[in-house]
There are 2 protein chains.
Amino acid sequence: MEHLESEETEGRQKLHDTRHNFISSIAQNMDLYGLSETNGRLYGTILFSDKPMTLDDMSQALEMSKTSMSTGVRSLTEAGMLSRVWEKGVRKDLYQTDDDWYKSFTSIFVNRWRESTDKNKNAAVKAKSELEFLFQITGKGSLREEIQKDLEILDQAVRYYSWLNEVINLFENGGIFDIIPKK
Amino acid sequence: MEHLESEETEGRQKLHDTRHNFISSIAQNMDLYGLSETNGRLYGTILFSDKPMTLDDMSQALEMSKTSMSTGVRSLTEAGMLSRVWEKGVRKDLYQTDDDWYKSFTSIFVNRWRESTDKNKNAAVKAKSELEFLFQITGKGSLREEIQKDLEILDQAVRYYSWLNEVINLFENGGIFDIIPKK
DNA sequence: TCGTACGTACAGTTTTTACCGTACAAACTT
DNA sequence: AAGTTTGTACGGTAAAAACTGTACGTACGA
């Protein structure tokens with residue numbers, strides 16, 4: 001019996017270690033999604049939790065302050081990686097991960113890229129129109145040529161961002177799954 | 001004549017400002033590609049330069065130390081955003097941007113995502129095999145159930161990363177352009 | 001071969017970010 | 001309504017990153 005118990009705790013330790021290693025891996029690569037490694041570890045911890053977690057649970061699990069958990073949870077929630085869940089009789093806020101990775105990771109990807117692409121495209125369009133005006137009122141000369149050259153670059157930029165925008169749409173509306181089906 | 005000269009410098013100033021604004025925009029969003037804002041500004045500056053730039057040129061343009069330019073240029077070069085170019089009679093190293101944005105940005109995207117996806121997938125596969133072994137030698141009980149549950153999560157992870165891997169391939173081999181043509 | 005110019009390694013400094021503890025506001029319990 | 005409990009804003013601190021100047025190795029030109 002004694003022996004079995006030790007096997008049990010040993011196995012539990014192994015399970016914990018394995019989890020920990022995997023969580024470390026995804027946490028280290030979470031910067032691709034705009035999340036810090038710590039928040040990645042937080043996400044991983046909640047992902048493997050068998051039940052929704054409170055801030056105190058997280059604080060204990062990661063041995064970090066509750067304040068940090070609070071801000072981390074906010075980031076993850078805003079990114080759409082986490083959602084708050086209700087349980088009657090429980091006063092504390094409970095959080096859990098969405099178990100559809102396609103949805104979670106696609107949405108965070110789309111949000112980030114959409115925002116930056118829009119900004120850049122707008123900046124390019126604005127710059128272009130400014131230079132087009134400047135081009136009009138500039139007499140022949142080296143300046144005029146420089147403007148011309150900048151306009152070509154900006155034109156390319158706008159086209160690139162338009163393309164990128166469509167790529168993002170493909171992910172947002174799920175069209176990507178027609179091309180590369182979920183596994 | 002005096003008047004025309006002032007118009008010329010005024011126009012040049014306007015051109016400079018417009019450039020600067022656009023460069024700021026793309027620099028601020030360069031973190032999506034794993035580059036710092038400063039390096040983004042560096043990229044933008046070289047992009048709009050009419051000729052290849054030396055480290056001293058960059059240092060002067062950004063009012064930053066040559067050392068920083070050196071490290072920045074290295075990052076950008078490694079990322080495939082910049083290439084060194086030769087010019088006879090010029091001792092200094094010359095750098096210029098590749099003018100194909102599709103190529104530049106796709107390659108940097110692919111490299112980053114490929115690396116992290118591989119790592120995560122390997123970590124998931126490793127964890128899975130460890131837990132499968134653990135599952136074998138574990139008698140019925142709560143631990144066994146937990147392992148089971150983790151295995152399901154890992155299974156989903158592996159499938160997700162496989163899918164993501166194919167998505168990355170789509171960008172790497174240019175298949176994406178069949179679906180969403182360049183503009 | 002010597003001298004000069006270029007790029008970068010390295011160490012020190014500044015700036016930014018991450019994290020924590022305290023304190024307080026909101027919400028729940030009794 | 002008073003007393004708890006919970007989450008977060010805020011200010012301070014520790015850790016990390018960005019940036020700089022110096023100093024040195026390397027390569028080119030005389």
Side-chain angles (χ1 to χ4, degrees), chain A residues 23-24 26-46 49 51-79 81-96 112, chain B residues 23-24 26-46 49 51-79 81-96 112:
Chain A
I23 289 174
S24 293
I26 61 174
Q28 276 163 24
N29 298 113
M30 212 53 112
D31 62 316
L32 283 182
Y33 299 94
L35 296 172
S36 69
E37 188 176 335
T38 301
N39 285 347
R41 221 157 47 226
L42 181 57
Y43 172 81
T45 304
I46 302 171
S49 168
K51 31 182 179 290
M53 294 182 83
T54 68
L55 292 181
D56 287 313
D57 293 337
M58 303 172 201
S59 180
Q60 188 173 2
L62 296 184
E63 296 184 4
M64 287 181 69
S65 74
K66 205 166 129 183
T67 322
S68 293
M69 299 303 98
S70 177
T71 58
V73 159
R74 181 195 296 184
S75 300
L76 288 170
T77 306
E78 280 175 357
M81 304 285 291
L82 225 57
S83 53
R84 199 152 124 216
V85 66
W86 254 67
E87 227 164 85
K88 67 173 182 180
V90 179
R91 270 182 67 178
K92 304 185 182 186
D93 292 354
L94 290 168
Y95 294 92
Q96 68 182 16
R112 274 173 51 102
Chain B
I23 290 175
S24 292
I26 62 172
Q28 276 162 25
N29 299 111
M30 211 55 108
D31 62 316
L32 284 182
Y33 300 94
L35 297 173
S36 68
E37 188 177 336
T38 301
N39 284 347
R41 223 158 46 226
L42 181 57
Y43 172 81
T45 304
I46 301 172
S49 169
K51 29 181 179 291
M53 294 182 82
T54 68
L55 292 181
D56 286 313
D57 292 337
M58 304 171 200
S59 180
Q60 188 173 0
L62 296 185
E63 296 184 4
M64 287 181 69
S65 73
K66 203 165 129 183
T67 319
S68 294
M69 299 304 97
S70 177
T71 58
V73 159
R74 180 196 299 185
S75 301
L76 288 169
T77 305
E78 280 174 359
M81 304 285 291
L82 224 58
S83 53
R84 196 149 130 219
V85 65
W86 254 66
E87 226 164 85
K88 66 172 183 180
V90 179
R91 270 183 67 177
K92 303 185 184 188
D93 293 354
L94 290 167
Y95 294 92
Q96 68 183 16
R112 274 173 52 100

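Lettering of chains follows the sequences in order, A, B, ..., and the numbering in each one begins at 1.
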Which one, D:dG29, C:dA18, C:dG7, comes nearest to the side chain of B:Asp93?
C:dG7

Could you walk me through whether A:Met58 and A:Tyr95 satisfy the side chain to side chain contact (heavy atoms under 4.5 Å, CB included) test, starting with their C-alpha distance in whole Å, then the side-chain angles of each, then the deciding distance to 0.1 Å, before giving a yes or no?
CA-CA 10 Å; A:Met58 303 172 201; A:Tyr95 294 92; 3.7 Å; yes

Tell me whether A:Glu37 at atom CD has more than 12 heavy atoms from other residues, nucleotides or ligands lying less than 6.0 Å away.
yes

Distance in angstrom units between A:Leu62 CG and C:dC19 P, rounded:
10 Å

Applying side-chain contact (heavy atoms from CB on, under 4.5 Å) between B:Met69 and each of B:Leu42, B:Asp56, B:Asp57, report the one that passes.
B:Leu42

Testing the basics here: between A:Tyr43 and A:Leu76, what is the closest heavy-atom pair and its distance to 0.1 Å?
N-CD1, 4.0 Å

Of C:dA5, C:dC20, D:dC19, the nucleotide closest to the side chain of B:Arg91 is C:dA5

Any A:Thr71 side-chain nitrogen or oxygen under 4.0 Å from OP1 or OP2 of C:dC19:
no

Per atom distances to the A:Thr67 side chain, the nearest of C:dT8, C:dC6, D:dA9 is D:dA9

Taking the nucleotide of DNA chain C with the nearest heavy atom to each, does B:Tyr95 or A:Lys66 sit closer to the 5' end?
B:Tyr95

Against the side chain of A:Ser65, the closest entry in C:dG21, D:dA27, D:dT20 is C:dG21

Expressed as a whole number of angstroms, how long is the span from A:Glu63:CD to C:dC19:P?
14 Å

Mind calculating the distance between CG (A:Asn39) and C1' (C:dA18) to the nearest angstrom?
10 Å

Integer-rounded Å distance: C:dC6 P and B:Leu55 CG:
10 Å

Nearest whole Å is fine: how far is D:dA17 P from A:Asp31 CG?
11 Å

Between D:dT20 atom P and B:Gln60 atom CD, what is the distance in whole Å?
15 Å

Of all the heavy-atom pairs spanning A:Gly34 and A:Arg112, show the shortest one and how long it is.
CA-NH1, 2.7 Å

Looking at B:Thr38, does any N or O in its side chain come under 4.0 Å of the phosphate oxygens OP1/OP2 on D:dA18?
no

Roughly how many Å is it from CE in B:Met69 to C1' in D:dG21, rounded to a whole number?
14 Å

Using only side-chain N and O atoms of B:Ser70, determine if any of them is under 4.0 Å from OP1 or OP2 of C:dG7.
no

Spacing between B:Lys92 atom NZ and C:dA5 atom C1', to the nearest angstrom:
9 Å

Among D:dA9, C:dA9, D:dG7, the one nearest B:Arg74 by side-chain distance:
C:dA9

